[in-house]
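What follows is a short report on a single structure.
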Amino acid sequence: MTRFLAPGRANLIGEHTDHTDGLVLPVAIDRGVTLEADLGGDRIVLRSADADGEVDVAADGSETPTEGWGRFVAAVAAELAEAGCAPVGMHGELHSDLPQGAGLSSSAALEVVLATALADAAEFDCPPLELAALCRRAERRAVGVPSGIMDQAASILGRADHAVLLDCGTLEYRHVPLPTDHVLLVADSGVRRQLETSGYAARSEELAAALPVLDGRNPSTVGVEELDELLADLPEVPARRLRHVVTENERVRQTEAALREGRLDDLAVLFAAGHASLRDDYQVTIPELDRLVELARDGGATAARMTGGGFGGAIIALVHHDRVDAVEKTIRDGYGTAFPQHPLQIHRCRIADGVRRLDG
Ligand code: GLA
């Protein structure tokens, strides 16, 4: 029996920057997808304790289900085969304590746990960021979304009590220590979205329409002070998308510095500006997420913003541990009044290590 666990992720800041080779600052959380399986045979047969049905696909990835979570399983097998990994069959079960569609990367955790277990079984040596890239390709193969590498990289590179600063262009990364007297609250709005049906691809296309003004430069190398001139002749929508990306990359740099220097007031300002930019320039928040962020701040959170792709999902709040109960209560009371139709869930998360074997 082989057992692996891949965590979900929450992104501290650096939203919608990964698909233009920018900077991100995610964490792995203490919730994820666990795989328990017996290896062997030429089929991957998996049951899920949390999702419908059984998946039964060829271990070489040659079969492609058209719907459901089996698409991710088959896509991982196919990408591993294309990368030169010998096919390995397995019979097993998946358990997840990650809410789906909450912006916590349940699909990336599934891809990472499978790819890690299969590569391990085949003794296929794959460096961490190559495995992340392979899982990213699997996501695209499975559901056609042009997402970046952040989610899979966070699930692999995460470290307890640290965030991962990843440059998605150079693939250089370093771990940034987080304040040990703070808790990460994830408040899930109960509004479900799937990347494949959200406006993710549309936003990427609008952003792509602005990129020619950079003359081939990576947006993360553009200074905020250059923006007025660069955006002057662009239509409004592409200009907003690019302004978000350029300012967001800068906020990631500043957040790293603020964390390293313990400047938590600055963190509050950076998270607030990041959320506002996702609301006004990238336009992926929804009123429920905007309200949750306000409530978290009203309740005394140090810093709060939406996390993930948007159009639903969750916010994160960094909260001093003395204030966690008060922040939770303020969020519950206020959200219940404003949006009684949505099932709010609040998770207190620890910042965890990345994917790992559980059996010795
Ligand atoms: C989703 C994608 C990521 C990233 C975020 C937004 O989670 O899978 O690649 O683009 O949205 O930051």
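Atoms within each ligand, like the ligands themselves, are counted from 1 in listed order. What you see below is based on every heavy atom in this structure, not just the backbone, and it leaves out hydrogens, waters and symmetry mates.
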Any side-chain donor-acceptor pair under 3.5 Å between T247 and R251?
-> yes
List the atom pairs, with distances to 0.1 Å, where a side-chain N or O of residues 294-301 and a protein N or O form a donor-acceptor pair under 3.5 Å, not counting sequence neighbours.
{"unit_1": "E294", "atom_1": "OE1", "unit_2": "R291", "atom_2": "NH1", "d": "2.7"}

Please round to the nearest 0.5 Å and tell me the distance separating atom CG of N249 and atom OG1 of T20.
-> 6.5 Å
Here the atoms of ligand 1 under 4.0 Å from any heavy atom belonging to H19 are 10 (O)
What atoms in ligand 1 come closer than 4.0 Å to a heavy atom of G148?
-> 9 (O)
For S277 and H244, test the side chains for any donor-to-acceptor distance below 3.5 angstrom and give the result as yes or no.
-> yes
Interfacing atoms of ligand 1 (cut-off 4.0 Å, heavy-atom, H16) | 6 (C), 12 (O)
Donor-acceptor pairs are to be reported for all side-chain atoms of residues 305-315 against protein atoms at under 3.5 Å, with residues two or more places apart or in another chain.
{"unit_1": "R305", "atom_1": "NH1", "unit_2": "N11", "atom_2": "O", "d": "3.0"}
{"unit_1": "R305", "atom_1": "NH1", "unit_2": "L12", "atom_2": "O", "d": "2.8"}
{"unit_1": "R305", "atom_1": "NH1", "unit_2": "E15", "atom_2": "OE1", "d": "3.4"}
{"unit_1": "R305", "atom_1": "NH2", "unit_2": "E15", "atom_2": "OE1", "d": "2.7"}
{"unit_1": "T307", "atom_1": "OG1", "unit_2": "N11", "atom_2": "N", "d": "2.8"}
{"unit_1": "T307", "atom_1": "OG1", "unit_2": "N11", "atom_2": "O", "d": "2.9"}

Note: Q152, heavy atoms under 4.0 Å from ligand 1, region reported as neither
Does E248 come within less than 4.0 Å of ligand 1, judged by its heavy atoms?
-> no
In sequence, state the C-alpha distance, the side-chain angles, and the governing distance for Q283 and R241, and then conclude on side-chain hydrogen bond (donor to acceptor under 3.5 Å, both in side chains).
-> CA-CA 8 Å; Q283 297 182 301; R241 306 298 181 248; 2.9 Å; yes
Does T17, backbone or side chain, put an N or O under 3.5 Å from an N or O of ligand 1?
-> no
Answer yes or no: does an N/O atom from G308 fall short of 3.5 Å to an N/O atom of ligand 1?
-> no
Pick whichever of V284, T307, N11, D151 has a heavy atom sitting closest to atom 8 (O) of ligand 1.
-> D151
Going by the order shown, which atoms of ligand 1 are within less than 4.0 Å of some heavy atom of R9?
-> 7 (O)
Ligand-residue contact atoms, ligand 1 with M150, heavy atoms, under 4.0 Å = 4 (C), 5 (C), 12 (O)
Determine, for D325 against R348, whether the closest basic-nitrogen to carboxylate-oxygen distance falls under 4.0 angstrom.
-> yes
So which bit of E139 gets within less than 4.0 Å of ligand 1, heavy atoms only: side chain, backbone, both or neither?
-> neither
Is there a donor in the side chain of S48 and an acceptor in the side chain of E93, or the other way round, less than 3.5 Å apart?
-> no
